[in-house]
Student: 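I'd like to ask some things about the structure below.
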Amino acid sequence: MKRLAGIAMLLALAAVCGATTVIPLSVEQLTADADEVVEARAVRSWSAWNPQRTIIYTFTDFNVTSRLKGASPDVITVKQMGGHADGLIQTIAGLRYFQDGEEALLFLRRSAMNDGTRVIVGLMQGNFRVWTARTGHRMASNGVPHVNAVEGSQVRTYGGTSLELDAIEARVRKAVR
C-alpha cells in the first residue's frame, strides 16, 4: 500500500511539472500490444476537433512500406491527441507529430472510436523516427522530450530506445512468432 501511495505521489509530482509520465515498454511489449507494426512514410497531416469539440486531434496519412505484424492497408491514418484548429492549440507533453516525408516504425492499434484510424501504442513509445546515420546504418528512436518514466518507485527522464532499425525489426519478428 505504501508503494502505491509513493507511486501516486510521484505521478502527481510529474503532472505538476508538466511532463507526461509512462511506464516504459520493451519492443516485445509494444509488439504484443499492437494490432499492426509497420514501417511507413508520412504523406499528409491535418488537425480537427472531435465531434463534441472538446479535443483536437492531429491525423497523419502514411504510405506503408513494410509490414512486420498485421495486414494493414497500403495507406493508414494515425490519430494523435493535440494539434491546432480554429486558432486554438492543444499540446500533449511528449508527443511528436509527423512531418511530410518522414519515415517511421509504428506500433499501432485500431482506434477505440472505430473510425478507421490507428493510434500509437504506449502514447509515444510506439512511434520510432527512422533516419540514416552518418555510418550508413538505418536507425530508429522513440525518444522525445518532456516525458518521465516510472520504474519501480523511481521517476526518471524517459530517454526512449534508440537502436539500428534491423535490430528492432528482428526483435519484432521474433516476438510475432
Side-chain angles (χ1 to χ4, degrees), residues 7-27 29-64 70 72 75-131 139-151 154-163 168:
I7 290 173
M9 184 175 69
L10 290 171
L11 289 173
L13 177 61
V16 170
C17 294
T20 297
T21 303
V22 298
I23 296 172
L25 301 172
S26 67
V27 169
Q29 289 168 311
L30 290 168
T31 302
D33 291 349
D35 297 321
E36 301 163 309
V37 180
V38 299
E39 292 174 29
R41 182 179 304 276
V43 293
R44 170 175 90 101
S45 293
W46 70 98
S47 296
W49 287 101
N50 67 343
Q52 299 80 18
R53 292 188 57 83
T54 54
I55 300 172
I56 298 172
Y57 287 104
T58 295
F59 301 87
T60 304
D61 284 342
F62 283 88
N63 287 334
V64 174
S72 61
V75 177
I76 57 172
T77 302
V78 174
K79 176 171 57 179
Q80 296 175 283
M81 292 189 302
H84 53 87
D86 300 329
L88 297 174
I89 298 172
Q90 288 184 345
T91 304
I92 308 299
L95 283 191
R96 185 179 63 76
Y97 300 99
F98 302 98
Q99 303 296 316
D100 291 355
E102 177 180 354
E103 294 179 66
L105 170 64
L106 302 168
F107 295 75
L108 304 167
R109 67 174 143 239
R110 289 168 195 80
S111 169
M113 293 180 179
N114 203 26
D115 57 4
T117 64
R118 275 98 172 136
V119 295
I120 296 168
V121 173
L123 196 56
M124 82 294 295
Q125 294 180 75
N127 173 359
F128 285 78
R129 183 176 60 87
V130 175
W131 76 96
M139 302 297 294
S141 174
N142 64 349
V144 291
H146 311 296
V147 177
N148 292 321
V150 175
E151 294 184 276
Q154 301 291 314
V155 174
R156 63 171 180 79
T157 301
Y158 176 75
T161 300
S162 185
L163 294 169
I168 297 175

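Throughout, residue positions are numbered sequentially from 1 according to the sequence presented. All heavy atoms count here, side chains included; hydrogens, waters and symmetry mates do not. Just so we're clear, the structure is a prediction, and the values are computed from it rather than from any experiment.
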Student: Quick one: list whatever passes side-chain hydrogen bond (donor to acceptor under 3.5 Å, both in side chains) with D100, sequence neighbours left out.
Tutor: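 side-chain hydrogen bond (donor to acceptor under 3.5 Å, both in side chains) check on D100 returns nothing, list empty.
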
Student: Using salt bridge (Lys or Arg N to Asp or Glu O under 4.0 Å) as the criterion, list what pairs up with D35, not counting sequence neighbours.
Tutor: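 R110.
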
Student: What pairs with E39 under side chain to side chain contact (heavy atoms under 4.5 Å, CB included), at least two apart in sequence or on another chain?
Tutor: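 E39 satisfies side chain to side chain contact (heavy atoms under 4.5 Å, CB included) with T65, S66, L68, L105, L165, E169 once adjacent residues are dropped.
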
Student: Which side-chain N or O atoms in residues 118-128 pair as donor and acceptor under 3.5 Å with protein atoms at least two apart or in another chain?
Tutor:
from : atom 1 : to   : atom 2 : distance (Å)
R118 : NE     : E36  : OE1    : 2.7
R118 : NH1    : G116 : O      : 3.2
R118 : NH2    : E36  : OE2    : 3.1
Q125 : OE1    : L25  : N      : 2.7
Q125 : NE2    : I23  : O      : 3.4
N127 : OD1    : R96  : NH2    : 2.6
N127 : ND2    : R96  : O      : 3.4

Student: With sequence neighbours excluded, what pairs up with Q99 under the side-chain hydrogen bond (donor to acceptor under 3.5 Å, both in side chains) test?
Tutor: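 Scan of Q99 (side-chain hydrogen bond (donor to acceptor under 3.5 Å, both in side chains), adjacent residues dropped) gives none.
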
Student: How would you list, by chain and number, every residue that makes a ring pair (Phe, Tyr, Trp, His ring centres under 6.0 Å) with F59, sequence neighbours excluded?
Tutor: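 Partners of F59 by the ring pair (Phe, Tyr, Trp, His ring centres under 6.0 Å) criterion, ordered by chain and then number, come out as W46.
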
Student: Any donor and acceptor pair, going by atom type alone, linking the side chain of T58 with main-chain N or O of G82 inside 3.5 Å?
Tutor: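 Here the side-chain-to-backbone pair exists.
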
Student: With salt bridge (Lys or Arg N to Asp or Glu O under 4.0 Å) as the rule and sequence neighbours excluded, what pairs involving residues 77-93 come up?
Tutor: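 Pairs touching residues 77-93 that pass the test: R53-D86, K79-D115.
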
Student: With sequence neighbours excluded, what pairs up with W131 under the ring pair (Phe, Tyr, Trp, His ring centres under 6.0 Å) test?
Tutor: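 By the ring pair (Phe, Tyr, Trp, His ring centres under 6.0 Å) rule, W131 matches no residue at all.
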
Student: Taking atom CD of Q90 and atom OH of Y57, what is their separation to the nearest 0.5 Å?
Tutor: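 Rounded to the nearest 0.5 Å, the CD-OH separation comes to 9.5 Å.
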
Student: Do you know which two heavy atoms are closest between V38 and S72, and how far apart they sit?
Tutor: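 Where V38 meets S72 most closely, the heavy atoms are CG1-OG, 3.3 Å.
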
Student: Partners of N63 by side chain to side chain contact (heavy atoms under 4.5 Å, CB included), sequence neighbours excluded?
Tutor: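 Applying side chain to side chain contact (heavy atoms under 4.5 Å, CB included) to N63 gives V43, V75.
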
Student: If you draw a 6.0 Å radius around CE in M81, do more than 12 non-hydrogen atoms from other residues or ligands fall strictly inside?
Tutor: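 Counting neighbours around CE of M81, 12 or fewer heavy atoms of other residues, nucleotides or ligands fall under 6.0 Å, so no.
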
Student: Tell me, please, which residues at least two apart from T31 pass side-chain hydrogen bond (donor to acceptor under 3.5 Å, both in side chains).
Tutor: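 T31: no side-chain hydrogen bond (donor to acceptor under 3.5 Å, both in side chains) contacts found.
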
Student: Does T161 have any side-chain hydrogen bond (donor to acceptor under 3.5 Å, both in side chains) partners at least two apart in sequence or in another chain, and if so, which?
Tutor: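 T161 satisfies side-chain hydrogen bond (donor to acceptor under 3.5 Å, both in side chains) with no other residue.
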
